[in-house]
Amino acid sequence: MGDQYEVSEAGAGALAIPSLRWEEPPEGPVLVLLDQTRLPAEEVELVCTDVPALVQAIRTLAVRGAPLLGIAGAYGVALAAARGFDVDEATEALPQARPTAVNLGYGVRRAAGAYRAALAGGTDAPAAALAEARAVHAEDIEASRGMAQHGLALLGELLPGGGHRILTHCNTGALVSGGEGTALAVALAAHRAGELRRLWVDETRPLLQGARLTAYEAARAGMAYTVLSDGAAGSLFAGGEVDAVLIGADRIAADGSVANKVGSYPLAVLARYHHVPFVVVAPTSTVDLATEEGADIEVEQRPGQEVTEFSLPSAQGPGTAASGAIPVAPLGAQAYNPAFDVTPPELVTAIVTEAGVVSPVTREALAGVCSTSRWRKSRSGNGMMAK
Ligand SMILES: CSC[C@H]1O[C@H](OP(=O)(O)O)[C@H](O)[C@@H]1O
């Protein structure tokens, strides 16, 4: 097919405003979020002053993406501590908002652990929770850089000669990270190195993270990208138009099974059939050694309306329920709407982390890369302990 596709208008630079930041105005600390349900049409900020507001923002995907959820969860505990809310309640409520993304619970446990240790030691517990949240944030920025570096080197090995045509699914850029993201950070690194010929962007039904968010980030970064319906990916593979698939992850089990946005597993099958590398890019904080295998991963089921309706961004202000919906299916239609699916390790060419590349994907190799990560993983519920 060649390059007959129109290259979308390129913007410049990264995100106009960060996806998340902690602020301490006179009336008390707040967590400021870029409301991702309003993108790309509007860059609207959502100010969370308590944990229920943050839980709602997580549930409605105003804030989303595993690494960012880990950061938001940690700051959520810090917010509860700083404002005198019940930290145990926050620690319980936050991870339940999106059960598949392991990072959310990981970030919450990190900040809650610091809070409780300070409490037991008679030191400033709210300050300890905030310091740990900032550490989680800083580590993710560092992890993004590591993943981009290892991922770019891997593309060079897998696809010598540059001119990569990369297909990606959902959104895995700066919008899901303290840094430049996971899989999209690798594509961005390839773009900056002059090695990205085309970024194929799966629209990613039903919430369109690809068409709305990845396209928004790719345009701002000046990448040559083309949006496609999820169902069109097969014909791209068949036409030899895809050199590699780069996707993120929400939870990676100890056996290397990868939970990621629904539609990832079919891409893995297509990639295998067409002998195309299928590469997962995720920080080691997304590896959950306490979950043995893919079948043990809880896959979040979301409201059927997300499939049977197109909902319009809220007109009542950021983070509230959508103001309107355009029915797609007949009234009362039932819908199956898992937020994620699970790809078995044998279909994954490589897992790129900040600590290195796992390929082939085996339990031993995965545990090994986690052990070399800055934070050593315990096997009890993905706890993290400093080395
Ligand atoms: C690299 S984290 C981004 C990850 O999270 C997305 O899910 P959601 O948009 O529901 O938060 C998707 O699975 C991405 O791969």
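Start at 1 and go down the list; that is how both ligands and their atoms are numbered. Please read these numbers as outputs of a predicted model, since none were measured by experiment.
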For this session: With heavy atoms of G65 as the reference, note each atom of ligand 1 found under 4.0 Å away.
Result: 2 (S), 3 (C), 5 (O), 11 (O)
Can you name the one residue among [options] that meets side-chain contact (heavy atoms from CB on, under 4.5 Å) with [X]?
X: L175; options: E180, E217, R212; result: E217
X: Q209; options: K261, H169, E203; result: K261
X: P99; options: R251, Q301, E298; result: E298

Exercise. Is a salt bridge present between E23 and R21, judged by a nitrogen-to-oxygen distance below 4.0 Å?
Worked result: yes
Backbone or side-chain N or O of [X] under 3.5 Å from ligand 1 N or O:
X: H169; answer: no
X: T172; answer: no
X: T182; answer: no

Problem set entry | Closest non-hydrogen atom pair, C170 against R64 | SG-NH2, 3.9 Å
Is the shortest distance from a heavy atom of [X] to ligand 1 less than 4.0 Å?
X: R98; value: yes
X: N171; value: yes
X: I247; value: no
X: P67; value: yes

Check the side chains of [Y] and [X] for a donor-acceptor pair under 3.5 angstrom, ignoring hydrogens and angles.
X: N171; Y: T214; value: yes
X: T284; Y: T353; value: no
X: D140; Y: S177; value: yes

Problem set entry | Residues forming a side-chain contact (heavy atoms from CB on, under 4.5 Å) with A74, sequence neighbours excluded | A111, A133, V136
Nearest protein heavy atom to [atom], by residue and atom, and its distance?
atom: atom 4 (C) of ligand 1; answer: D250 OD1, 3.5 Å
atom: atom 15 (O) of ligand 1; answer: N260 OD1, 2.5 Å
atom: atom 9 (O) of ligand 1; answer: R64 NE, 2.7 Å
atom: atom 12 (C) of ligand 1; answer: C170 SG, 3.3 Å

Exercise. Any idea which part of Q209 is under 4.0 Å from ligand 1, heavy-atom wise: side chain, backbone, both or neither?
Worked result: side chain
